[in-house]
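Bear in mind the structure is a predicted one, so any value in this text is a computation, not a measurement. Whatever order the structure lists ligands and atoms in, that order sets their numbers, starting from 1.
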Amino acid sequence: MSQQYAQLKELDALHHLHPFTTHSSLRSGGARVIVRGEGPYIYDSEGARILDGMSGLWTTAVGYGREELAKAAYDQMLQLPFYNTFFRTTHPPVVELSRKLAELAPAPLNNVFYGSSGSESNDTAIRLIRHYWVLKGEPKRRIIISRKNGYHGSTIAAGSMGGMSHVHAHSYPVYEGFRHIMDPYWYGEGRDGESLEDFGVRAAQALEDEILAVGPENVAAFAAEPVEGAGGVKIAPSTYWPEIQRIVDKYGILLLADEVITGFGRLGTWFGSDYYGIRPDIITFAKAATSGYIPLSGNLVHDRIVDVLMAHNDDFNHGYTFSGHPVACAVALKNIEIMERERLVERVNEVTGPALAKMMAKFKDHPLVGEVRTVGMFGAIELVADKKTRRRFADPGRVGLICRNHFFQNGFIMRAVFDTMVTAPPLICTQEHFDEAEAVIRKSLDQTLDDVASEVAA
Ligand code: PXG
C-alpha cells in the first residue's frame with residue numbers, strides 16, 4: 001500500500017466518525033479505502049478488484065463509472081446548480097422528473113414530494129400521514145404499525161418506525177406512536193410443520209391483532225418494505241401481501257410502502273408494490289433513483305391524500321432546503337433513461353433475476369447453509385450450526401462476520417445481517433459476473449466452514 005493511503009487510513013481513524021460502526025475497531029484496524037468504481041466492480045487502495053454484490057448499499061443499479069450521469073450533473077450545475085422549491089418557484093428538472101415518476105409509479109400515485117435520503121422521506125411520510133388524518137377530522141389516528149426488524153432509516157422518527165431494537169436502544173426514548181408486529185420470516189418464525197402459505201397468513205394477521213389491540217380508531221397506517229432488506233432479505237410468502245392489503249382495506253388505514261430498496265427495478269418492476277400487487281397510499285424511494293450518484297429521495301403520494309391537502313387552505317409545514325434539488329433531479333432523469341434504454345428492469349424478470357436464483361440455489365446443500373432465498377435481484381444465505389434442526393451459532397453475527405471477511409478477501413461483497421449473508425447486485429450484472437460470484441461464494445463458505453468446523457453438526 002502506498003504511503004499516501006497508509007496516511008489516509010490513519011487520518012480517517014482520527015477524524016471520521018462512520019455510520020453504524022464500532023469506532024474503537026476503526027481506531028485499531030482502520031477502514032478499507034475504496035478508490036474507484038467501474039461497472040459492477042469497485043477497486044481498493046491495494047489494487048484489488050472486487051465485484052460489488054451489494055450495489056454500494058442497495059443503490060448502484062446501473063453500476064459505477066457512467067459518464068452520462070456525470071455529464072447530466074455537470075450540465076445542470078452550469079445551468080442552475082440550485083434553487084429552492086419553497087416559495088412558489090420551480091425549475092425544469094424537478095417538473096420533468098415528477099411527471100416521469102408519476103408515469104412509472106402505480107396508477108393513483110401522481111404526486112411527488114422530495115428529500116435527499118430515505119430517512120428524510122420516511123419522516124415526511126410520517127408527518128404527511130398524521131397531517132392527513134387531522135385534516136380528515138380523525139386526529140386520534142396517530143399510531144403507525146410497522147414490523148420488527150424493518151429498517152426505515154436513522155432519524156428519530158424513521159428509526160422509531162423501524163423495528164430494530166439496537167437502533168431504538170440509542171434513541172432515549174423511541175418516538176411515540178409506533179407499534180411493531182412480527183416480520184414474515186418463515187425460516188426463523190415458522191412453526192414445526194407450518195407451510196409457507198399458512199405462515200404468511202399468520203404473519204399478516206398479526207397486523208389485525210395489533211389494530212384490534214390498540215383500537216382501530218387510533219391507527220393511522222401500516223408501514224413496511226415489500227422485501228425486508230437490511231433486516232436480512234426476508235421475502236414474504238405469496239399469501240402475505242394479499243392478506244395485508246385486505247386488512248388495511250378493512251380498517252381503512254393508510255399503507256406506506258417503503259421502497260427505498262425495492263424501488264427502481266430490483267424486483268423486475270419499477271416498484272415492488274407492483275410486484276406484489278399491493279395498493280399503497282405512499283411509496284418512499286431513494287437509493288437507486290439516482291443509482292447513488294447523488295442523493296435524492298422522495299414520496300410518491302396517492303391522489304386521495306393530495307385531494308385532502310387541496311381541500312384545506314393551509315400550509316403543510318414541512319420541507320427540506322434540498323427538496324427537488326435540480327442537479328439530483330437531472331441525474332435521476334438520466335438514470336431512468338439509462339434503465340429504460342438498457343431494459344434493466346425487464347431484464348431482472350427475464351435474465352438477471354433467474355440467473356441469480358439459479359446460481360444461489362447451488363448452495364442449498366452446503367453444510368453451513370440453512371436456507372437460500374432469492375427474489376428478483378435479492379439473495380440471502382442463512383448460515384446455521386445445524387441444518388436439520390435450524391440451530392444457530394452461538395453469539396449471533398460472529399460467523400457472519402468471519403464469512404463476510406472471506407467474501408471481501410476473495411473478491412465478492414455480500415453483507416452479513418447477523419449470520420445471514422445477503423446480496424443485491426447491480427442490475428447490470430451478466431452471467432459472467434454470476435459465475436465469478438459463484439466461485440467466490442463457494443470458496444468463502446468452505447473457508448468459513450473450516451474456521452467453525454468444530455461447531456457444525458455432522
Ligand atoms: N428505508 C429502507 C428500506 C432502507 O433500506 C432507509 C429507509 C433509509 O435511507 P437513508 O438514505 O436515510 O439511509 C433505508 C436505508 C444496511 C443498510 O446495512 C441499509 C440502509 C442504510 C444503511 C445500511 O443494509 N438502508
Side-chain angles (χ1 to χ4, degrees), residues 17-22 52-61 114-126 144 146-164 166-167 170 178 180 183-184 222-236 255-267 271-273 275-276 280 282-300 320 322-323 325 328 332 375-380 397 400-401 404 407-408 413-425:
L17 290 174
H18 291 242
F20 281 89
T21 296
T22 308
D52 182 6
M54 278 307 297
S55 301
L57 201 50
W58 321 90
T59 297
T60 52
Y114 293 96
S116 305
S117 71
S119 303
E120 280 179 4
S121 287
N122 279 317
D123 274 35
T124 296
I126 292 161
I144 297 177
S146 55
R147 305 188 303 198
K148 289 179 183 146
N149 302 309
Y151 188 71
H152 300 297
S154 214
T155 50
I156 293 187
S160 305
M161 186 162 78
M164 296 197 170
H166 55 286
V167 175
H170 291 191
F178 296 95
H180 302 92
D183 52 356
F222 175 64
E225 303 153 77
V227 172
E228 203 175 271
V233 178
K234 309 232 178 95
I235 302 165
L255 177 59
L256 164 57
D258 180 341
E259 300 231 25
V260 166
I261 289 180
T262 51
F264 297 91
R266 190 150 290 283
L267 288 170
F271 292 94
S273 298
Y275 182 85
Y276 286 108
I282 301 177
I283 285 177
T284 45
F285 66 87
K287 294 187 183 275
T290 58
S291 283
Y293 280 63
I294 193 165
L296 177 85
S297 69
N299 299 67
L300 293 160
Y320 310 106
F322 293 148
S323 287
H325 192 288
V375 63
M377 284 286 266
F378 282 99
L401 204 59
R404 186 188 77 182
F407 270 111
F408 226 119
I413 295 178
M414 283 181 82
R415 172 175 165 356
V417 179
F418 296 104
D419 295 330
T420 301
M421 306 308 298
V422 304
T423 181

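Partners of A125 according to the side-chain contact (heavy atoms from CB on, under 4.5 Å) rule, which considers only residues two or more places apart in sequence or in another chain, are L256, I282, T284, N299. K287 is linked by a salt bridge (Lys or Arg N to Asp or Glu O under 4.0 Å) to nothing, counting only residues two or more places apart in sequence or in another chain. Partners of Y114 according to the side-chain hydrogen bond (donor to acceptor under 3.5 Å, both in side chains) rule, which considers only residues two or more places apart in sequence or in another chain, are S98.
Between F285 and S121, the shortest heavy-atom distance links the atoms O-OG, 4.1 Å. Looking at every heavy atom in both residues, P280 comes nearest to A257 through CB-CB, 3.8 Å.
The immediate protein surroundings of ligand 1, defined as residues with any heavy atom under 4.0 Å of it, consist of L57, W58, S117, G118, S119, N122, Y151, H152, G153, E225, A230, D258, V260, I261, K287, R415.
The side-chain heavy atoms of E259 and F264, taken from C-beta on, include no pair separated by under 4.5 Å.
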